[in-house]
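Below is one structure, written out as structure tokens, with a few remarks after it.
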Protein chains: 2
Amino acid sequence: MTNTKTISTENQRPAVTVDVLVFTVMDDQLMVALIKRGIAPYKGSWAIPGGFVHLDESLEEAARREIEEEAGVTDVFLEQLYTFGNPKRDPRMRVVTVAYYALVPGNRITLAAATDAAEASWFPVSKLPPLAFDHQDIMQCAIERLKSKLEYSNIAYSLLPPRFRLSDLQKVYEVILGTPLDKRNFRKKILSLNLVEATGKMDTGGAHRPAQLYRFKKRKMIVFS
Amino acid sequence: MTNTKTISTENQRPAVTVDVLVFTVMDDQLMVALIKRGIAPYKGSWAIPGGFVHLDESLEEAARREIEEEAGVTDVFLEQLYTFGNPKRDPRMRVVTVAYYALVPGNRITLAAATDAAEASWFPVSKLPPLAFDHQDIMQCAIERLKSKLEYSNIAYSLLPPRFRLSDLQKVYEVILGTPLDKRNFRKKILSLNLVEATGKMDTGGAHRPAQLYRFKKRKMIVFS
DNA sequence: TGAATAGTGTCTTTCAGACAATATGCC
DNA sequence: GGCATATTGTCTGAAAGACACTATTCA
């Protein structure tokens with residue numbers, strides 16, 4: 001039996017990377033940040049941004065570094081998704097990638113193209129281009145996680161600005177779950193969960209009745225019992 | 001920006017291991033398989049069994065190999081849990097470990113001590129010894145996952161023999177969740193889920209009324225809506 | 001006053017949880 | 001007959017889901 005924690009003398013080890021799926025809700029759509037690969041393999045294909053884990057940083061630190069380089073934001077919601085390690089997933093060498101997903105508030109985050117990337121861009125998850133490597137699998141895994149976590153946690157807070165209308169919150173749920181929701185039932189449910197509170201300020205300026213602005217009581221993840 | 005999938009010329013890479021938490025229900029307790037470390041660091045401490053990922057095998061294959069070496073069983077329920085990569089988690093070198101958990105039917109699985117392990121043994125999760133490395137964190141993560149997955153999937157099938165009494169199934173739930181359950185409500189719930197069916201055979205031999213033996217209709221994981 | 005969105009309540013159905021008595025086989 | 005476990009149903013409260021009208025602001 002190969003045993004736990006023997007010091008490895010093998011000189012061949014897998015490379016370890018992190019890939020980060022950055023999601024946001026913009027223009028009533030769930031969007032994800034992708035980069036266009038500037039080098040082979042899959043040159044010209046779109047891919048999930050990622051990079052090597054440095055020897056002195058944790059996996060989460062590596063993921064946060066990627067997000068900051070890509071989107072210029074810190075302090076975003078970030079959660080480990082799954083680790084992909086099929087021996088053939090990268091044709092060049094053995095790469096084990098730890099996938100993370102991040103959620104950023106909608107609008108006004110400009111993506112930066114990475115060193116080896118020709119371009120970086122937001123895509124609606126409903127209209128994704130073909131993706132490099134096994135990134136289609138990773139994407140699907142992330143979308144499933146996001147959908148289910150939305151239903152039993154308060155992670156929606158990380159997709160909204162500090163103050164928002166209940167209709168904004170409802171839109172986040174509708175766009176991610178892909179179904180319209182009944183306004184009365186939605187509000188009843190959200191308010192009974194006691195996660196948000198009215199700020200007293202109104203959203204004025206639309207050609208219609210102003211809406212109460214709400215905020216999340218806690219801006220960290222809470223999983224419902 | 002360090003970019004996706006540039007060929008690494010770094011000669012220093014983390015080691016990649018898999019650790020596998022093998023659970024079973026025995027003697028009305030949730031048990032986990034541990035090994036006693038035969039080498040430093042943590043020599044003499046109990047640890048979660050694991051080992052290096054070979055370059056030509058997937059992460060899951062590595063995990064299944066470990067289970068077969070440790071417990072001599074194949075074809076068990078196995079699911080990836082989480083990846084632990086803190087730079088300091090192993091004092092010797094950088095080790096990224098992909099943790100898996102496995103579920104095996106109760107009783108009569110004999111553990112084999114690994115090459116570098118002095119011993120292998122089952123422990124009730126309620127009375128664990130101090131664990132090596134960050135294995136306490138990994139253990140807690142696994143137990144939480146097991147508890148929650150038990151409630152919204154049919155994974156209990158993997159902890160029971162092909163035929164079982166409903167009271168056996170109830171015991172599995174009680175032991176893992178750590179609470180007694182009402183017999184009538186439990187049976188009502190399980191039967192309404194339509195996951196099990198009566199085999200027509202009875203469990204005879206006890207000094208009491210024989211019980212109907214049931215089986216799971218599907219022996220693969222189903223996640224409830 | 002018309003357009004656009006905000007805000008609100010009832011009824012029905014379903015599910016979870018509390019709760020106790022009878023049935024059957026073995027000794 | 002006594003012991004040990006199997007088997008079964010009702011009631012209540014909570015939550016989910018269907019469903020439509022009035023309120024308010026601005027142009």
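Quick note on labels: first sequence line is chain A, next is B, and so on, each numbered from 1. All values below were derived from every heavy atom in this structure, side-chain atoms included, with hydrogens, water molecules and symmetry-related copies excluded. Here the structure is a predicted model, which means the values were calculated and not measured.
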* Candidate list A:E68, A:E60, A:E61, test side-chain hydrogen bond (donor to acceptor under 3.5 Å, both in side chains), partner A:R64, passing option -> A:E60

Have a look at [X] and say if it touches a base, only the backbone sugar-phosphate, or nothing, with a 4.0 Å heavy-atom cut-off.
X	answer
A:K183	base
B:T204	sugar-phosphate
A:S192	nothing

What is the distance from [atom1] of [X] to [atom2] of [N], rounded to the nearest Å?
X	N	atom1	atom2	result
A:L169	C:dA6	CG	P	12 Å
B:I190	C:dC15	CD1	C1'	15 Å
B:R187	C:dC15	CZ	P	20 Å
B:K189	C:dT14	NZ	C1'	13 Å
B:Q212	C:dA23	CD	P	18 Å
B:M202	C:dG25	CE	P	7 Å
A:R184	C:dT5	CZ	P	18 Å
A:D203	C:dT5	CG	P	12 Å

* Give, for atom NZ of B:K36 and atom CH2 of B:W46, the distance between the pair rounded to the nearest 0.5 Å. => 5.5 Å

* With a 3.5 Å cut-off and no angle check, do the side chains of A:K217 and A:N194 form a donor-acceptor pair? -> yes

* Give a yes-or-no answer on whether the side chains of A:Q136 and A:Q140 include a donor-acceptor pair shorter than 3.5 Å. => no

* Name the first nucleotide and the last nucleotide along DNA chain D (5' to 3') that come under 4.0 Å of a heavy atom in chain A. => D:dA16 to D:dC26

* Quick one: on DNA chain D, does B:H208 or B:L191 contact a more 5' nucleotide (nearest heavy atom)? -> B:H208

* Asked: Can A:E69 and A:R65 be said to form a salt bridge (charged side-chain N to carboxylate O under 4.0 Å, His left out), step by step?
  -> CA-CA 6 Å; A:E69 289 167 352; A:R65 178 171 53 74; 3.8 Å; yes

* Between B:N185 and A:N185, who's closer to the 5' end of DNA chain C by nearest nucleotide? -> A:N185

* Proximal nucleotide (of C:dA16, C:dC19, C:dG9) relative to the B:D182 side chain -> C:dC19

* Asked: In terms of side-chain heavy atoms of A:K188, which of C:dT10, C:dA6, C:dC19 is nearest?
  -> C:dT10

* Asked: Think A:S167 has a side-chain N or O under 4.0 angstrom from the OP1 or OP2 of C:dT5?
  -> no

* With respect to B:F84, which candidate in B:T17, B:D19, B:I138, B:V95 satisfies the side-chain contact (heavy atoms from CB on, under 4.5 Å) definition? -> B:I138

* Single hit among B:Y157, B:Y214, B:F216 for ring pair (Phe, Tyr, Trp, His ring centres under 6.0 Å) with B:F164 -> B:F216

